[in-house]
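Take a look at the structure below.
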Amino acid sequence: MWLDRLYTVGIDVGSNSIKTVLMEHDDNGSEAKLLFSDLSKIRKRETKLVAEQSFEQVLSRASLTPDDIAYVATTGEGDMVDFRRGHFYSMTAHSRGAIHLNSAVRSVVDGGAMHGKAFAIDERSKVLTYKMTSQCASGSGQFLENIARYLGIPLEDVGALSKESTSPEMVSGICAVLAETDVINMVSRGISASDILKGIHLSMARRLVGLLRGVSAEGEVMITGGLANDTGFVAAIQEIADSENMNVRFNTHELSIFAGAIGAAIWGAFRHKKLAQSELQHQ
Amino acid sequence: MTVQEILRQCEDLYNDIDFAYVRDWKTRHGAGAIGYMPVYVPRELIRAAGMLPVGIMGAGDLLEIIKGDAYFQSYICHIPRSTIEMGVSNRLDCLDGMLFPAICDVIRNLSGMWKLLFPGKYAKYVDFPQNFDAELGGTFYRHELRGLLADFARISGREISNDDINEAIVLYNENRRVIRELYALRVERPHLVPTYEMYLILRASNILDVAEHTALMRDYLTATLREERPVRDNIRIVLTGAFCEQPPLGLIRALENSGCNIVDDDWMLGARYMPDDIPVTADAIGALTDAYLTGTVATASKYEEDGNKGAYLISQVTRSGADGVIFAAPSFCDPALLERPMQQEALKREKIPYTSFKYSEDTGQYQVIREQTGTFADAIKLWGDA
Amino acid sequence: MECYVGIDLGSTTSKAIYMDAHANILGRGIINSRHNYTLACQIAQEEAENHSRFAILEQSIRENGTGQSIAATLMPVLRAKYKLAEHNAQLAELRRICMKDLDNWKDPMAASLYLEAVEHILHRMEQEAVDIYREDTAEKSDFFRDIATSQFMEFAQDQVRRHVEELSFERLVGIFDRAIIRVESVSFAKSFSAHIDFAYREVAAMPAFAPYRDQIHAAVKIADEREFNIVRIVGTGYGRQRLPFEKEQIRSEILCHGLGAHYMFPDTRTVLDIGGQDTKAIQVDGNGIVENFQMNDRCAAGCGRYLGYVADEMNMGVHELGPQAMQATKTIRINSTCTVFAGAEIRQRLSVGEKREDILAGLHRAIILRAMSLLARSGGISNEFTFTGGVAKNEAATNALRTLVRENYGEITVNISPDSIFTGACGAALFARN
Amino acid sequence: MSTTATESVQKEQSMLLQKDMIADHFRRLGRAKEEGKKVVYTFVPGNLNELILAFDMLPVHPEINALQSAMRKKSAGYIREAEKHGHSEDVCTYVKCDVGMLKSGNIGPTGEKLPEPDLLLLSYTGCFTFMKWFEILRKEYNDCATVMLHVPYQGDGAITEEARAYVVKQLREVLVPQLERISGRKLDHDRLEELLASSARAEEDLVSILESAKQKPSPIDAYFGGVYYIGPIFTAFRGRESCEEYYQVLRSEVEERIRMKSGPITPEGPMHNEQYRLVVEGPPNWTSFREFWKMFYDESAVVVASSYTKVGGIYDTGFRHDARQPFESLADYCLGCYTNLNLPSRIDLLEKYINEYEADGFLINSIKSCNSFSAGQLLILNELEKRTGKAGGFIESDLVDPRYFSAANIKNRLESYFQMVDAKRQNRHTPSSRERA
Ligand SMILES: Nc1ncnc2c1ncn2[C@@H]1O[C@H](COP(=O)(O)OP(=O)(O)O)[C@@H](O)[C@H]1O
Ligand SMILES: Nc1ncnc2c1ncn2[C@@H]1O[C@H](COP(=O)(O)OP(=O)(O)O)[C@@H](O)[C@H]1O
Ligand code: SF4
Ligand code: SF4
Ligand code: SF4
């Protein structure tokens with residue numbers, strides 16, 4: 001059946017939250033428009049369930065049914081989503097999403113809950129090189145969340161507080177779990193929350209800038225993933241990059257956190273057309 | 001035999017870290033067995049002494065390391081730990097000796113550790129010449145081989161004649177030939193020889209009696225041609241860097257599932273170190289020496305006199321029609337990892353796409369690796385310009 | 001009396017031991033050391049002193065003819081009442097700080113709303129206090145924080161449920177989080193006289209003990225008035241460098257653990273200590289002198305905090321992990337090393353339908369496997385083997401350890417003592433005495 | 001009073017000498033191209049300095065550049081640079097430091113640009129990484145001429161006749177012709193013999209200096225101080241007159257200290273009351289060298305023998321360069337350097353040091369970079385403990401990567417270690433609960 005409008009859904013299954021977008025595409029697939037988005041924290045619930053709910057959420061807002069969706073594309077830990085049609089690897093999706101949000105970017109930093117990734121892309125969003133953090137959560141989004149919790153500060157306030165810092169406390173390579181002691185220690189030494197947070201932002205930024213250097217990033221860099229919402233982190237990463245004389249400018253977009261989902265939805269449309277064509281050829 | 005049956009046999013061999021096959025073989029033949037570490041040892045000599053060569057490639061993720069860690073710091077690769085763990089838990093008792101080929105400092109030092117840990121056992125460091133002149137390196141290597149031969153004669157209690165060696169050479173030539181066929185088939189029709197299966201079958205060469213292994217591969221060739229298998233939309237990959245410590249099976253599967261068909265690799269390199277037949281002559285030691293000096297493929301542990309780094313890898317890519325290269329190296333493996341930037345430079349010049357990751361034989365989480373190879377495959381597939 | 005003090009300033013708890021000149025342990029004290037180390041050290045010491053006073057009290061009662069017959073029944077009651085007094089004092093402090101916090105709120109509307117909620121919660125906590133400290137109630141946490149936290153959470157949830165629109169759970173908890181740290185920093189231990197007096201009056205009013213009130217009073221007086229002449233203090237543990245002590249008064253935790261273990265189990269040759277933030281494997285000789293040791297790096301994987309994190313992840317208390325893991329029918333292999341990644345892996349496993357207890361069994365095995373490799377690195381396990389530190393309280397962990405030790409090192413005596421958490425402090429006290 | 005005065009004067013003399021020698025060497029390197037001198041890059045262990053000098057070529061040692069970079073706090077940046085070019089974080093940091101330095105303009109320790117190599121002399125001795133290292137450099141220097149000297153390992157604990165013959169033959173038939181070709185001159189045998197004779201004289205003095213640590217108190221620190229003492233003989237100077245002179249001066253300084261019964265001189269000042277005598281296995285850390293040394297100084301711990309001072313070659317078991325059999329002795333030198341010994345031989349040597357130098361214990365500084373040294377060190381630790389009954393300690397750091405030097409961690413371990421040595425020496429008896437009961 002041919003709808004005059006093509007709808008696809010992209011679901012980015014993160015370790016922390018699930019991001020779902022519904023997109024509408026024009027006939028030749030060159031224009032894609034975001035209709036609705038949903039972000040659901042997993043919070044110890046079953047991932048699969050959260051994904052389903054998130055999917056239903058966006059559909060109901062658009063008053064669509066699953067049958068109206070041409071392609072459900074997952075990215076991230078999409079294995080859990082059994083109603084997907086196809087899966088794209090996260091860098092493939094994030095890079096596409098980043099280009100969609102800002103066609104000028106040539107590098108992407110994806111700051112997620114567990115891993116940090118940096119990759120260089122071309123104008124078609126093809127991933128040229130990439131670097132990822134290792135199997136240690138130190139310096140990850142989760143790390144930051146833990147610290148915020150130990151400090152008793154809501155995640156939303158972290159950015160503003162960090163920017164108030166005047167003399168950031170140096171931290172590096174501390175365990176995401178044992179950080180609690182270090183943080184309590186800093187508090188008891190009379191270091192302010194904003195200096196602690198800024199110190200942590202700087203240390204996270206240093207790691208990610210290291211990755212970016214590894215992919216020889218230059219020019220416009222898009223921050224995707226949840227960390228893009230953290231203005232303190234964004235400021236810190238720019239600061240570090242500048243101090244190391246890197247010629248990069250960091251971009252964020254209010255939809256940065258949805259970049260993976262958006263990219264997946266766009267690739268979904270692309271594959272859908274490819275598949276439809278080859279079906280036509282077969283007939 | 002069906003593919004499934006063959007695979008089950010290989011899986012059993014793979015999973016058997018108690019080496020029941022070796023024990024059984026020894027009883028059946030009333031002869032000894034000599035273990036060796038990767039990459040290569042002249043198995044022909046062991047065979048010529050009537051003994052069973054047994055390739056030891058660590059214990060993968062099959063063994064919990066309880067004591068092995070006592071011998072190695074965290075920044076040393078994994079294979080020597082699990083090897084020692086097998087040793088100190090008496091699993092390698094069935095071996096009458098161990099050979100440690102000169103491929104890196106870790107294996108080199110392991111030879112001394114073995115001497116200390118198992119004082120009664122034969123443990124030998126096999127030095128390979130890095131000088132490939134017949135008069136220089138050749139003379140030295142001949143001597144090494146003669147030394148080995150004398151040792152094996154002592155261990156097996158029998159004289160080893162030139163004919164004995166030639167007989168073994170013939171058996172291994174046969175084995176090499178079938179391996180070549182298998183690789184050729186995979187290049188031609190990769191879906192018939194999935195990576196996982198190819199790996200297991202080759203891996204069996206570590207343990208199985210050479211004639212049995214040759215027969216097994218033949219069976220597989222026949223069986224797989226009869227199989228109906230879906231052709232998957234995978235990219236073609238040459239995998240390199242994994243000549244010593246092996247990735248766990250789960251990781252090999254994950255590679256395949258992330259959209260990569262491996263069409264050439266350096267797994268079990270020892271069995272393919274000399275791709276061509278070794279001639280049968282009146283000077284068998286000389287033939288083995290020549291084969292080593294002139295007929296071995298490139299690997300990180302071997303000095304390249306002409307400095308044509310990457311040429312061999314590029315020829316692998318060309319021959320197999322691969323879309324790209326994956327460098328998969330064990331963490332903390334100096335030879336493989338130091339080789340990598342040079343190889344990558346060479347590929348860059350040829351505009352061959354590549355990606356790389358590190359693993360350890362007991363890596364349990366493949367997510368990050370799958371993410372990387374998947375993105376790599378995506379990039380080749382979606383833009384198709386490779 | 002002359003006494004020697006050992007202090008183990010752990011990463012999660014601080015422990016103190018009072019010891020007499022004959023190396024007899026007089027008393028033990030333990031406290032959360034989340035905040036200020038110096039303070040934690042002081043409080044732990046005070047706790048140990050109080051504990052010593054209790055020991056003296058008990059001894060006086062026993063030595064006092066008739067007292068002997070009631071000592072066994074009296075002491076638990078007296079202790080419980082003492083604890084109650086302490087608890088009440090802490091609650092009062094908690095109330096004071098919470099109220100002060102709310103006083104400073106800028107938005108009066110919100111403040112009054114939350115004031116009411118907090119008032120409700122605190123009131124219930126106060127009401128329940130008596131029930132917590134009955135001599136016959138089940139074992140509970142040693143720490144006010146743990147008890148108060150679980151109560152506060154529970155009652156706060158009730159409040160939020162009742163006022164869904166107005167109240168935010170996070171915000172309520174925030175008030176508590178800020179307050180509890182300060183409550184923990186107040187030294188209550190000093191108030192031995194007041195608390196014991198309360199306890200005494202409570203027991204004296206009980207028919208079973210009333211006839212002995214004079215003897216009890218006399219004993220209380222002796223204990224209360226006993227002077228402790230501290231000859232020397234030695235500090236050890238993670239935070240030892242922060243102690244205001246001379247260099248000679250600070251001993252490496254490794255040596256203290258070795259010596260402490262030797263003291264408790266004289267035939268010990270190998271010691272494993274799994275604490276909150278580090279794991280140590282130690283070999284000692286026949287005199288408790290350390291011959292070799294290995295410690296892990298600052299990574300939560302393989303330490304007590306690993307289990308703590310997992311407990312959070314699974315919405316359980318640390319003390320519930322062991323018992324649940326014991327129900328396992330199989331052991332699931334956990335692949336992630338990193339604690340945070342393991343947390344994610346657990347969620348994944350749960351979502352594909354693996355059973356909690358089986359996963360937990362895997363986690364306990366994982367932590368013990370890491371310890372095994374540390375042990376191997378330090379020189380293996382020789383008879384006898386002593387397991388100390390907080391994780392030794394966890395049955396599933398000790399179970400996994402026993403199995404692995406037997407499988408890999410044969411039949412070996414494994415010592416686990418209920419007081420094993422004090423091993424380091426005990427060693428430090430011995431150093432003080434020498 | 002007077003002792004301190006003389007000490008500081010003496011300290012200055014040998015140190016100044018060494019400083020001048022190094023400065024002079026780098027000045028010559030700086031002028032090499034304009035003076036038409038040929039430059040040979042080569043490695044320290046078992047190096048062929050006399051042969052290089054005999055052709056009037058100038059040697060550059062990339063390892064020395066790397067360690068100098070670390071001491072000048074440049075290594076972190078260089079390593080990052082190399083990693084940016086695709087080098088793994090897992091591999092030897094010497095290589096990465098060198099590659100990073102090259103990529104950053106090849107500025108040597110004195111701030112002058114190093115001349116590019118005319119020849120890479122890959123003496124593949126005691127370490128596989130060397131081979132990769134020069135393969136990498138060969139590419140970096142546009143396929144620069146490279147000559148490989150394969151030195152077999154002492155797998156069975158001895159130098160075999162065949163191994164010696166193999167090395168000698170390579171020296172004669174591969175190295176010499178190649179050196180002749182690059183330098184454009186024939187080998188001057190007389191010159192080579194002179195150089196070897198000079199080496200032997202300096203070696204004699206060096207051994208006497210190293211063995212002075214058998215005195216109590218030891219007049220030298222054979223690890224931290226030791227790395228300075230081996231500087232000239234293991235690098236560009238062996239065979240030269242200046243090298244002989246250096247060791248004469250140093251030897252007389254040490255002898256003076258023995259007479260005065262004074263301890264080693266450290267950057268923190270002379271050490272007065274020797275508390276611990278240690279044997280150390282493994283290379284030092286260069287990035288925090290002084291901080292590291294100070295940890296020992298603070299505890300009055302003196303290192304009386306170390307294996308690192310044998311990386312270039314082992315002299316104290318009798319080897320000397322020998323003008324009468326130039327190639328054979330060069331071969332033996334290559335074959336005999338410390339990392340070319342198999343593990344059992346290394347343990348025997350360390351055991352001998354612990355006994356002969358009357359050490360209270362031994363310490364292993366395990367280097368992340370260096371598989372050649374590190375693989376097997378834990379077994380060395382166990383064996384030595386078993387054989388000597390002395391306290392063994394194990395710390396981990398890296399040569400030139402500051403990321404792997406955790407001062408707090410090392411201090412913690414050292415502190416425990418020294419207390420352990422103490423306890424072992426005193427062997428105090430502590431009552432256990434059972435005895436009291
Ligand atoms: N509003 C916010 N302010 C600050 N940080 C945020 C915000 N939202 C998310 N983050 C950060 O982003 C991380 C989650 O990023 P996300 O891309 O959703 O991860 P994943 O895809 O792995 O679940 C969190 O761990 C947190 O650190
Ligand atoms: N009752 C208990 N049941 C199970 N585990 C416990 C219990 N009490 C403490 N633990 C464990 O012990 C750890 C703390 O150990 P401890 O030896 O006090 O550490 P430290 O000396 O570093 O402060 C906690 O992280 C927790 O995992
Ligand atoms: S240090 Fe902490 S964050 Fe890093 S691997 Fe260990 S547990 Fe995970
Ligand atoms: S994995 Fe690499 S470093 Fe380890 S033993 Fe094998 S070749 Fe050597
Ligand atoms: S591995 Fe060791 S011996 Fe080899 S180059 Fe590196 S530091 Fe030197």
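We use all heavy atoms of the structure for the numbers below, so side chains are in, but hydrogens, waters and symmetry mates are not. Proteins come first, then strands; the chains are lettered A, B, ... in the order of their sequence lines, and each starts at number 1.
- Residue contact with chain D, scored on non-hydrogen atoms closer than 4.5 Å, involves the side chain of B/L117 exclusively.
- Rounded to the nearest 0.5 angstrom, D/K132 NZ and B/C104 SG are separated by 11.5 Å.
- Considering every non-hydrogen atom in both B/Q73 and D/Q377, the closest pair reads NE2-OE1, 3.5 Å.
- Between the OH atom in B/Y125 and the CG atom in D/D156 there is a gap of 11.5 Å [rounded to 0.5 Å].
- If you tally non-hydrogen atom pairs under 4.5 Å between each of B/L116, B/V126, B/T139 and chain D, the highest count goes to B/L116.
- Using a 4.5 Å cut-off between heavy atoms, B/M342 touches chain D through its side chain atoms alone.
- When heavy atoms are compared at a cutoff of 4.5 Å, B/S331 approaches chain D by way of both its backbone and its side chain.
- Heavy atoms closer than 4.5 Å to chain B are found in the side chain of D/V174, but not in its backbone.
- In this structure, no portion of B/P80 lies under 4.5 Å from any heavy atom of chain D.
- Residue D/F134: no heavy atom, backbone or side chain, is found under 4.5 Å from chain B.
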List the steps and the verdict of side-chain contact (heavy atoms from CB on, under 4.5 Å) for D/C127 and B/D105.
CA-CA 6 Å; D/C127 163; B/D105 295 327; 3.9 Å; yes
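- Distance CG/D/N371 to CZ/B/F332: 9.5 Å, rounded to 0.5 Å.
- For D/E140, no part sits under 4.5 Å from any heavy atom of chain B, backbone or side chain.
- D/K169 places a side-chain N or O within donor-acceptor distance of the main-chain N or O of B/E135, the cut-off being under 3.5 Å.
- In this structure, the side chain of D/H150 engages the main chain of B/Q130 through a donor-acceptor pair within 3.5 Å.
- The shortest heavy-atom contact between D/S88 and B/L337 is OG-CD1, 3.6 Å.
- A donor-acceptor pair is defined here as one N or O able to donate and one able to accept, closer than 3.5 Å; no such pair exists between the side chain of B/K115 and the backbone of D/L343.
- Proximity to chain B involves both the backbone and the side chain of D/H87, based on heavy atoms less than 4.5 angstrom apart.
- Both the backbone and the side chain of B/A102 come within less than 4.5 Å of a heavy atom of chain D.
- Interface residue B/F128: only backbone heavy atoms are found under 4.5 Å from chain D.
- Side chain to side chain, D/S366 and B/Y75 meet the donor-acceptor criterion of an N or O pair below 3.5 Å.
- Looking at every heavy atom in both residues, D/S372 comes nearest to B/R108 through OG-NH2, 3.1 Å.
- The part of D/L122 that comes within reach of chain B is its side chain, from C-beta onward, which places non-hydrogen atoms under 4.5 angstrom from that chain.
- Contacts of D/L341 with chain B are absent, with no heavy-atom separation under 4.5 Å from either backbone or side chain.
- The CD1 atom of B/I107 sits 9.5 Å away from the CZ atom of D/F128 when rounded to the nearest 0.5 Å.
- If you measure heavy-atom distances from D/L149 to chain B, you find no contacts under 4.5 Å at all.
- Electrostatic pairing of D/E135 and B/K309 counts as a salt bridge here, judged by a charged N lying under 4.0 Å from a carboxylate O.
- No part of B/E345 comes within reach of chain D, as not one of its non-hydrogen atoms sits under 4.5 angstrom from that chain.
- From B/E144, atom CD reaches atom OG1 of D/T160 across 7.5 Å, with rounding to the nearest 0.5 Å.
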Stepwise, does the side-chain contact (heavy atoms from CB on, under 4.5 Å) test hold for B/K358 with D/E89?
CA-CA 11 Å; B/K358 288 185 296 190; D/E89 54 193 59; 4.0 Å; yes
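- Distance CE/B/M113 to CD/D/E383: 10.0 Å, rounded to 0.5 Å.
- Contact of B/D334 with chain D is made through backbone and side chain together, with heavy-atom distances under 4.5 Å.
- Here the side chain of B/N131 pairs no donor or acceptor atom with the backbone of D/Q170 at under 3.5 angstrom.
- Between D/Y124 and B/Y303, the distance from one ring center to the other does not fall under 6.0 angstrom.
- Minimum interatomic distance between B/P341 and D/G86 (heavy atoms only, all atoms of both residues): CG-O, 3.7 Å.
- Contact of D/N342 with chain B is made through the side chain alone, with heavy-atom distances under 4.5 Å.
- Within the 3.5 Å criterion, the main-chain N or O of D/A375 finds a donor-acceptor partner in the side chain of B/N109.
- Heavy-atom minimum distance, B/F72 versus D/G376: CE2-N, 4.2 Å.
- Looking at D/K368, both its backbone and its side chain come within 4.5 Å of chain B, counting heavy atoms on both sides.
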